[in-house]
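To find a chain, count down the sequence lines: A is the first, B the second, and so on, and within it residues start at 1.
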Amino acid sequence: MPELPEVETVRRTLKNFIIGKKITEIRIHYDKIVSGNTDTFVTALTGQTIRDIDRVGKYLVFILDQDAFISHLRMEGKYNIVDASKPLNKHEHLTFVFSDGTELRYQDTRKFGRLELVNKVTYRHDLPLCKLGPEPWDADPNAIYAKIHKSNLPIKTLLLDQTIMTGIGNIYANEICFTMKIDPTTPGKRLSKKRVVELIAVSKEILAQAIAQGGTTIHSFDANGITGLFQMQLQVHTQKICQICNGPITKEMVRGRGTYYCSTCQKKKG
DNA sequence: ACGTCCTCCTGTTCGC
DNA sequence: TGCGAACAGGAGGACG
């Protein structure tokens, strides 16, 4: 899925198109795309106007007059803004019809993404968002250190754990480990507090750069025609040759996720 | 409580 | 070329 920078790019792009638009009808073409009762979702939101779009980690939060709903894009979710006359494509699973003749459609080839009605006032404190750790810029090094300094799990796996920090996915986890010059399989407990401080700083820096570039486009991500450029700056993810030492990039599976690193430049050091 | 595996889906790429 | 296996920006649940 899009990671935090891609979701942030979608949020900013979408805001330009749909703030102030009134939903006159909602059509669900694939029931499971909505968590919980679909009738409740449709009934609650129909007639309301979209006032804002928030983001928590990789979740988008659409704020309406009385209610809100969250949307997680998982691997391939995206939003299309189209004229109502445009035929539905086979991967568009939910349509918001607006009063101005346009539509917002949720498209998701793999159908992994989910939308869910939430309480507009308390959503940050309710499931599922209350389980998320801080985004890197809000992270307290002592708190992060406390969560990982006893763990035998690879540091890369810990970076993907959204309850420790939220927003980092597989691409940026690989990039962060490269910048840290740390072997992604290094157990979390090998990191000193000083290295955890660095880890947070590097995470912040890489996500911020990616946001500035409009995210990373590898497979399917794009925000209504806005294609991210960060893939131009990837150091290890999907790369073959290390830019630093010219040696080969190793690819191996770490806990089921494709993991790229340079075995010369990245060492198991805390 | 923690770590590992499976599952949800479809499309594309890889290897024999 | 053909065909099945493996893999893809994710994460929740089952199991030992």
field: Sequence neighbours excluded, every pair satisfying ring-ring contact (aromatic ring centres under 6.0 Å, His included) that has a member inside residues 181-208 of chain A
entry: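 Of all non-adjacent pairs touching residues 181-208 of chain A, none passes ring-ring contact (aromatic ring centres under 6.0 Å, His included).
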Using atom [atom1] in both nucleotides, what's the gap between [N] and [M] to the nearest angstrom?
N      : M      : atom1 : answer
dC3(C) : dC9(B) : P     : 26 Å
dT4(B) : dG9(C) : C1'   : 22 Å
dC5(B) : dC7(C) : P     : 14 Å
dA5(C) : dC6(B) : P     : 16 Å

Measuring to OP1 and OP2 of [N], would you say a side-chain N or O of [X] lies under 4.0 angstrom away?
X       : N       : answer
K150(A) : dC2(B)  : no
K32(A)  : dC8(B)  : no
K251(A) : dA8(C)  : yes
H91(A)  : dG11(B) : yes

query: If each of G256(A) and L132(A) is mapped to the nucleotide of DNA chain C with the nearest heavy atom, which maps nearer the 5' terminus, i.e. the 5' end?
result: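 Mapping each residue to its closest nucleotide by heavy atoms, the 5'-most match is G256(A).
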- line: Result for 5'-nearest mapping on DNA chain C, choosing between K131(A) and R110(A), is R110(A)
query: How is the hydrophobic cluster of V61(A) composed, in terms of its other members, when Ile, Leu, Val, Met, Phe, Trp and Tyr link through side-chain heavy atoms under 4.5 Å apart, directly or indirectly?
result: V56(A), Y59(A), I63(A), I70(A), V118(A), Y123(A), L129(A), L132(A)
task: Share the residues that join Y260(A) in a hydrophobic cluster, the rule being Ile, Leu, Val, Met, Phe, Trp or Tyr side chains under 4.5 Å apart at the heavy-atom level.
output: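 Taking Ile, Leu, Val, Met, Phe, Trp and Tyr as members, Y260(A) shares its hydrophobic cluster with F178(A), V236(A), I244(A), I249(A).
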query: For dG9(C), does the O4'-C1'-N9-C4 (purine) or O4'-C1'-N1-C2 (pyrimidine) torsion place it in syn, i.e. within 90° of 0, or in anti?
result: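 Syn conformation for dG9(C).
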Rounded to whole angstroms, how far apart are [atom1] on [X] and [atom2] on [N]?
X       : N       : atom1 : atom2 : result
H72(A)  : dG9(C)  : NE2   : P     : 14 Å
M75(A)  : dA11(C) : CE    : P     : 9 Å
R255(A) : dC2(B)  : CZ    : P     : 13 Å
I33(A)  : dT10(B) : CD1   : P     : 11 Å
I70(A)  : dG12(C) : CD1   : P     : 10 Å
D108(A) : dC9(B)  : CG    : C1'   : 9 Å
L160(A) : dA11(C) : CG    : P     : 8 Å
K78(A)  : dT10(B) : NZ    : C1'   : 14 Å

- prompt: Y30(A) ring centre to K111(A) NZ or CZ under 6.0 Å, with the angle to the axis within 45°?
  reply: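 That pair qualifies as a cation-pi contact.
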Choose from [options] the nucleotide whose nearest atom is closest to any side-chain atom of [X].
X       : options                   : value
H237(A) : dA8(C), dG11(B), dG9(C)   : dG9(C)
Q162(A) : dG11(B), dT10(B), dA11(C) : dA11(C)
I171(A) : dG9(C), dC9(B), dA8(C)    : dG9(C)
E3(A)   : dA8(C), dG12(C), dG9(C)   : dG9(C)

message: I'd like to know if D100(A) and K21(A) make a salt bridge, using a cut-off of under 4.0 Å between side-chain N and carboxylate O.
response: yes
By ring-ring contact (aromatic ring centres under 6.0 Å, His included) - contacts of H149(A) (at least two apart): Y145(A)
task: Quickly, which of K15(A), K120(A), R11(A) forms a salt bridge (charged side-chain N to carboxylate O under 4.0 Å, His left out) with D52(A)? Name it, please.
output: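 Testing D52(A) for a salt bridge (charged side-chain N to carboxylate O under 4.0 Å, His left out) against K15(A), K120(A), R11(A) leaves exactly one candidate, K15(A).
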- request: List in chain and number order the residues that pass side-chain hydrogen bond (donor to acceptor under 3.5 Å, both in side chains) with N37(A), two or more places apart in sequence or in another chain; answer none if no residue qualifies.
  value: T40(A)
- prompt: Which dot-bracket notation, 5' to 3', represents the base pairing of DNA chain B when pairs are defined as Watson-Crick or G-U with both distances under 3.5 Å, crossing pairs as [ ], and inter-strand pairs as |?
  reply: .|||||||.|||||||
